[in-house]
Amino acid sequence: MSNPQELRYSKEHEWLSGADDGVSTVGITEHAANALGDVVYVQLPEVGAAVTAGETCGELESTKSVSDLYSPVTGEISEINQDVVDDPALVNTAPFEGGWLFKVRVTDEPKDLLSAAEYTEYSGS
């Protein structure tokens, strides 16, 4: 398992892309997807909703359990990945590509986001 170097990671196992015009993409890591098992349902925040770093903003349901989805940053949701809503298995099969969850216009980013190397050490993956 390889965590892409260009992303940053939260200790809740979300990843965050670099901001493109102030908008970052968010998803869950491969480590988290594997721990969840087969994802069968995804509840994402609505476009326009405000999210706060470290707070719950959605839910992922798998054949094993239900897990809260946390926002790694504070901002406003600008887009959700409808493909993941329609086909939740994308979270498992392509967590860093087609399985992204939402895009957020970032207004504040916590200082404790991890680099790929730090996340690999933290998660053991």
Side-chain angles (χ1 to χ4, degrees):
M1 183 177 338
S2 178
N3 297 305
Q5 297 296 313
E6 71 276 9
L7 302 177
R8 286 162 294 143
Y9 301 85
S10 74
K11 290 185 176 179
E12 288 81 24
H13 307 286
E14 282 82 26
W15 58 261
L16 177 75
S17 72
D20 182 23
D21 290 333
V23 176
S24 291
T25 303
V26 174
I28 67 165
T29 65
E30 187 173 359
H31 173 80
N34 288 340
L36 275 172
D38 296 333
V39 176
V40 295
Y41 176 75
V42 175
Q43 177 191 354
L44 300 175
E46 293 184 20
V47 171
V51 293
T52 302
E55 292 191 7
T56 303
C57 65
E59 191 174 87
L60 301 171
E61 184 177 325
S62 73
T63 55
K64 291 181 181 180
S65 66
V66 175
S67 180
D68 287 332
L69 173 64
Y70 298 91
S71 180
V73 294
T74 299
E76 180 180 316
I77 301 300
S78 61
E79 182 180 347
I80 63 162
N81 186 351
Q82 188 62 46
D83 291 342
V84 166
V85 173
D86 296 339
D87 183 10
L90 286 171
V91 171
N92 297 104
T93 59
F96 296 114
E97 296 89 24
W100 62 273
L101 300 175
F102 60 87
K103 295 186 179 188
V104 58
R105 182 163 302 284
V106 178
T107 57
D108 189 40
E109 185 176 305
K111 304 289 185 237
D112 63 349
L113 292 175
L114 307 172
S115 68
E118 290 167 332
Y119 179 74
T120 298
E121 183 177 328
Y122 171 77
S123 65
S125 61

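Side-chain contact of N3 with T120: a donor-acceptor pair under 3.5 Å is present, judged by distance alone.
In this structure, the side chains of V26 and P72 come closer than 4.5 Å at one or more pairs of heavy atoms. Under the 4.5 Å side-chain criterion, counting only non-hydrogen atoms from C-beta, E79 is not in contact with V23. Considering only heavy atoms from C-beta on, S17 comes within 4.5 Å of L7 through its side chain. Inter-residue side-chain proximity for H13 and S123 is flagged as met; some heavy-atom pair is nearer than 4.5 Å. Within the 4.5 Å cutoff, the side chain of S10 has heavy atoms near those of the L113 side chain. You'll find the side chain of P110 reaches within 4.5 Å of the side chain of V73, heavy atoms only.
In terms of hydrophobic clustering, with Ile, Leu, Val, Met, Phe, Trp and Tyr side chains grouped at heavy-atom distances under 4.5 Å, L90 and W100 are assigned to different clusters. Hydrophobic clustering, with ILVMFWY side chains joined whenever heavy atoms are under 4.5 angstrom apart, groups V85 together with L60. With hydrophobic clusters built from ILVMFWY side chains whose heavy atoms lie under 4.5 angstrom apart, V106 does not share a cluster with L114.
In terms of modelled atom types and a separation under 3.5 Å, the side chain of Y70 and the main chain of E14 share no donor-acceptor contact. Between the side chain of S24 and the backbone N or O of V104 there is no donor-acceptor pair closer than 3.5 Å.
When every heavy atom of L101 is checked against every heavy atom of L44, the shortest pair comes out as O-CD1, 3.3 Å. What you find for A116 and Q5 is that their closest heavy atoms are CB-NE2, 3.6 Å. Considering all non-hydrogen atoms of both residues, V51 and C57 come closest at CG1-CB, 3.8 Å. Considering every non-hydrogen atom in both A33 and V91, the closest pair reads CB-O, 3.6 Å.
Here the CH2-CZ distance, from W15 to R8, works out to 11.5 Å after rounding to the nearest 0.5 Å. Rounding to the nearest 0.5 Å places CG of N81 at 10.0 Å from CG of D87. I28 CD1 to S67 OG: the interatomic distance, rounded to the nearest 0.5 Å, is 7.5 Å. Remark: D38 CG to K64 NZ distance equals 8.5 Å, nearest 0.5 Å. Of the inter-residue distances, the one linking S71 atom OG with L69 atom CG reads 8.0 Å to the nearest 0.5 angstrom. Between the CD atom of E12 and the OG1 atom of T29 there is a distance of 11.0 Å, given to the nearest 0.5 Å.
Relative ring orientation between Y119 and Y9 is described as parallel, the plane-to-plane angle staying below 30° on a 0-90° scale split at 30° and 60°.
By the 6.0 Å contact criterion, CD on E59 is enclosed, its count of non-hydrogen atoms from other residues, nucleotides or ligands being greater than 12. Counting non-hydrogen atoms of neighbouring residues, nucleotides and ligands closer than 6.0 angstrom, the CD atom of E46 reaches no more than 12 such neighbours.
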